[in-house]
Amino acid sequence: MHTAYTTCPLCEATCGLELTVENDRITAVRGDRQDTFSGGFLCPKGASLGALDADPDRLRTPLARRGGEFEPVSWDEAFALVDQRLNEIIAEHGRDAVGMYLGNPTVHSLAGGLYAGGLRKALGSRNVFTASTVDQMPKHVSSGLLYGGIFTIPVPDIDRTDFLLLLGADPFSSNGSLWTVPDAPGRLKALQKRGGAFVVVDPRRSRTAAAADRHLPIVPGTDVFLLLAMVNELFAASLVDLKALAPHVEGVDGVRALSEPFTPEAVASRCGIDAAEIRALTHRLARAPRAAVYGRIGTTTVEFGTVASWLVDVLNILTGNLDRPGGAMFPLPAHVRRGTGTGKGFTTGRWHSRVRGLPEVAGEFPAVTLADEIETPGPGRIRALVTVAGNPALSLPNSARLDAALSTVDFMVSVDPYLNETTRHADVILPPPPPSRRAHYDIAFLSFAVRNVAKYSRPAVPMRPGEPGEGDILLRLTGIFAGLGPDTDLDALVGLSGESEYSREERLLDARLRSGPYGLSVADLLDQPHGVDLGPLTSRVPEILRTPSGRIELCPEPIAADVPRVLEALRTPTDGLVLVGRRHLRSNNSWMHNVPALVKGKPLCTLLVNPADAERLGLQDGRAARVTSRVGEIEATVEVSADMAAGVVSLPHGWGHDRPGTRLTTAEAHPGVNVNLLTDDLALDPLSGTAVLNGVHVQVTPAQLTPSAQRAAAAAQ
Ligand SMILES: Nc1nc2c(c(=O)[nH]1)N[C@H]1C(S)=C(S)[C@@H](COP(=O)(O)OP(=O)(O)OC[C@H]3O[C@@H](n4cnc5c(=O)[nH]c(N)nc54)[C@H](O)[C@@H]3O)O[C@H]1N2
Ligand SMILES: Nc1nc2c(c(=O)[nH]1)N[C@H]1C(S)=C(S)[C@@H](COP(=O)(O)OP(=O)(O)OC[C@H]3O[C@@H](n4cnc5c(=O)[nH]c(N)nc54)[C@H](O)[C@@H]3O)O[C@H]1N2
Ligand code: SF4
Ligand SMILES: [Mo]
């Protein structure tokens, strides 16, 4: 029996864990109280890491489809099959015929952080898709345009601020996103205790909204109007004050002009928030000694995701809160070099998708068009698909269509520990080892951390002989794509030579740390199992900028060009019910419903309906409702809740574990329904290609009506 210290890989909070390991199994999980960053915080998901690790449904060997059935095969057999089939397809149809989808856990692993880029490059296909375009791509685009770098994303300096405005985020449930902030609830309560405050804008009284000093229920999809009105008011009331940032910003007048039509009065009824309230909020933000605005899923996966994401930063800049302590700041992680202050800037649309002509963004196409590229005949059609750590069959809009499309590809390989809704379509499944047998360093999330910290941990349990790590799997695939085959020298593939006492990933990380701003090494981190604290965030403008001008380009042309569309939407009245999503502390996107402790108790996948709407629509708590949208219909259990704003219903994503041919014993017993049978693959934010997952128009009727009565009831809405 021994104790191991590691970092939880399950969400962006990067909590330190203390694991008790007996006979190579995790028998207890505690928050690591000595962790320099998380201080012992632990949520129910982290607490279930042992159960997740030992899940009997987790695949232990590769599987290959033989005559319709999956059979265990050796690693060598599995890779040989992938090499043969993919290279046949590439030889016959070219590289674009192989599509790739990278899912969310790719950014939670050291292997993904180090090798996903090389994997994409070696494949050389334009048909690359990731979960970013059902998530945060609007923020990347806005940051690319403002600062020249898509990862140049400021985070609220929560521990030193006086006032936070949070839009479309529920960190009490999600534990923060693009904001690595372990124990967000504790830090928000500490803010209140020291006399500060936070305000939450959300159509649902979320757990975070319930704890806030003020909750503003907003009409879904209208944050862009609210934020423009706040900008308008800053100018109108002469509250614009860039402070130390002034010499580094251009385009302020352009922003003023863009915001002119969006007075608080003009947007109030569309947002469902009084003009006086908008003014008071703006003045509170501007007058707070130190403040920050933050927006997440409810501001990105919407019709105007990029403009809204940009406005979040515009407000921080116009109030002088960007890049100063207590405002919104840029972390300086240990593995990333300092910048030079200028660069090439950022553009999109360097090439376009074959079927819908959608622009490339950050080297990928919108995930909403994956089905089009599989279904539509012609040169460049996707005939083979590689998925890594993704479950697009549940996580992408109009998933009935995508699910059907996945069953038609000639060859599919999935790097995934489960036989689930997506991988059931694969020909070969390559399972990475469980968390206990993985090294950990957060390449992605330390760039969004509210303190500069660094932490590395070796696997808590030794790797099994002959067992490839996720890094080996990704590199062998890279070798296959590069035409070198699966047995190529993996060290050479990543530019390493000679012997070392360190693992391949450790050597690569070590090189990055040594050339990083603190000159750290892997050895330094191995000496500090609870992490190294590198201090509070520091100002980084102008060094961090990579725009051609060397300044923050506050009024980028692509954004300005999208604002007329916003104005048109403001003037176009809408009505009817809209659907939004939500997250729960015991759930994690689509893949943790197989852990009994996380799904026991009250069902999590319910349709939240405001009491007045329930009454009007004849819906009853605990009874089924039929929900219909342009693309599909589902039946969901109603939960009448005064937390929901009137006119808005909410259903979480990641459910619908009732597909045949999966191996998810617990999840299949708690299937829930897949909300993405309702979301629309034609609805997207054009600047980022991101799907509209919030603010989806739906009709809701009691499920017990006859089909014709249902149609009549839906038509009446
Ligand atoms: N309607 C609606 N849809 C949404 C959202 C929403 O809010 N509403 N949210 C969107 C967001 S933000 C996201 S990020 C996406 C997520 O979408 P995806 O990334 O497509 O899906 P996940 O549910 O995260 O599934 C992760 C997959 O990785 C596998 N996996 C788990 N751990 C590992 C590992 O260590 N290695 C490998 N190789 N595989 C692993 C799991 O078995 C699972 O198959 O969903 C999006 N879809
Ligand atoms: N427990 C748990 N934690 C997670 C995940 C999980 O599935 N479960 N997923 C992880 C992932 S991949 C991500 S991307 C992050 C996401 O992190 P968050 O963005 O904090 O996630 P949510 O909890 O979905 O919060 C989004 C909120 O936006 C609200 N909302 C919906 N539409 C609108 C709108 O139009 N305007 C406004 N203002 N609000 C709106 C919803 O009601 C919801 O409360 O969470 C991560 N952490
Ligand atoms: S908050 Fe996130 S990182 Fe922390 S224990 Fe929970 S799942 Fe893990
Ligand atoms: Mo996400």
Side-chain angles (χ1 to χ4, degrees), residues 7-17 29 31-32 35 38 41-49 52 55 57-59 101-112 129-137 168 171 173-178 180-185 296-298 300-301 367 387-397 399 414-423 429-435 438 442 445 470 473-474 579-583 585-594 650-655 664 674-679 690-694 696:
T7 304
C8 178
L10 299 175
C11 91
E12 301 179 37
T14 71
C15 298
L17 302 182
V29 181
D32 175 9
D35 188 280
S38 64
F41 184 76
L42 183 71
C43 85
K45 283 183 293 170
S48 73
L49 192 77
L52 183 75
D55 185 343
D57 285 334
R58 184 179 276 274
L59 303 179
Y101 176 86
L102 302 174
N104 171 276
T106 313
V107 282
H108 287 270
S109 74
L110 176 56
F129 306 83
T130 77
S132 297
T133 54
V134 280
D135 188 349
Q136 83 289 2
M137 192 61 99
S173 303
S174 68
N175 282 301
S177 182
L178 294 183
T180 289
V181 52
D183 192 15
R296 202 50 195 92
I297 283 290
T300 56
T301 55
T387 71
V388 179
N391 195 1
L394 289 189
S395 51
L396 301 189
S399 40
S414 295
V415 182
D416 204 289
Y418 286 107
L419 175 45
N420 66 12
E421 299 78 12
T422 292
T423 61
I429 308 177
L430 305 170
R438 281 188 359 184
D442 276 292
F445 301 115
E470 181 137 23
I473 299 173
L474 297 183
L579 173 73
V580 299
R582 67 176 188 273
R583 282 171 168 74
L585 207 48
R586 282 193 282 125
S587 179
N588 196 29
N589 296 334
S590 74
W591 68 277
M592 285 183 61
H593 304 142
N594 210 45
S650 161
L651 198 61
H653 71 284
W655 298 87
L664 298 164
N674 178 7
V675 68
N676 284 320
L677 296 170
L678 298 171
T679 54
T690 302
V692 176
L693 305 173
N694 286 294
V696 177

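In listed order, ligands and their atoms are each counted from 1. Worth knowing before you read on, the calculation uses all heavy atoms, side chains too, and leaves out hydrogens, waters and symmetry mates.
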Would you confirm whether R582, through its side chain, and S650, through its main-chain N or O, come within 3.5 Å as a donor-acceptor pair? yes

When you check the side-chain N and O atoms of S587 and H593, is any donor under 3.5 Å from an acceptor? yes

Closest heavy-atom pair, P9 versus L49, reported as atoms and distance to 0.1 Å, is CD-CD1, 4.1 Å

Sidechain-backbone polar pair: N694 side chain, G581 backbone, donor-acceptor under 3.5 Å: yes

What is the number of protein N/O/S atoms located under 2.8 Å from atom 8 (Fe) of ligand 3? 1

Could you tell me which residues satisfy side-chain contact (heavy atoms from CB on, under 4.5 Å) with T7, sequence neighbours excluded, listed by chain and number? T14, H440, D442, K455

Determine, stepwise, if the pair Q136 / T300 fulfils side chain to side chain donor-acceptor pair (under 3.5 Å). CA-CA 6 Å; Q136 83 289 2; T300 56; over 6 Å; no

Is the backbone N or O of T679 less than 3.5 Å from a side-chain atom of N676, with the two atoms forming a donor-acceptor pair by type? no

All side chain to side chain donor-acceptor pair (under 3.5 Å) counterparts of N391, not counting sequence neighbours: E421, T422, S590

Member of D57, N594, D55 meeting the side chain to side chain donor-acceptor pair (under 3.5 Å) criterion with Y418: D55

Under a 3.5 Å threshold, I'd like every N/O contact between ligand 1 and protein atoms, with atom names and distance.
residue	atom	partner	partner atom	Å
ligand 1	1 (N)	N676	OD1	2.8
ligand 1	3 (N)	N676	ND2	3.1
ligand 1	7 (O)	R583	NH1	3.4
ligand 1	7 (O)	H653	ND1	3.4
ligand 1	9 (N)	R583	NH2	3.2
ligand 1	9 (N)	H653	NE2	3.4
ligand 1	17 (O)	S395	OG	3.1
ligand 1	19 (O)	N104	N	2.6
ligand 1	20 (O)	Y101	OH	2.7
ligand 1	20 (O)	N391	N	2.9
ligand 1	20 (O)	S395	OG	2.7
ligand 1	21 (O)	N391	N	3.4
ligand 1	23 (O)	S590	N	2.8
ligand 1	23 (O)	S590	OG	2.5
ligand 1	28 (O)	A389	O	3.4
ligand 1	28 (O)	D416	OD2	3.4
ligand 1	35 (O)	R438	NH1	2.6
ligand 1	36 (N)	E470	OE1	2.9
ligand 1	36 (N)	E470	OE2	3.3
ligand 1	38 (N)	V415	O	3.0
ligand 1	38 (N)	E470	OE2	2.7
ligand 1	42 (O)	D416	OD1	2.7
ligand 1	44 (O)	D416	OD1	3.4
ligand 1	44 (O)	D416	OD2	2.6
ligand 1	44 (O)	N420	ND2	2.8
ligand 1	47 (N)	S395	O	2.8

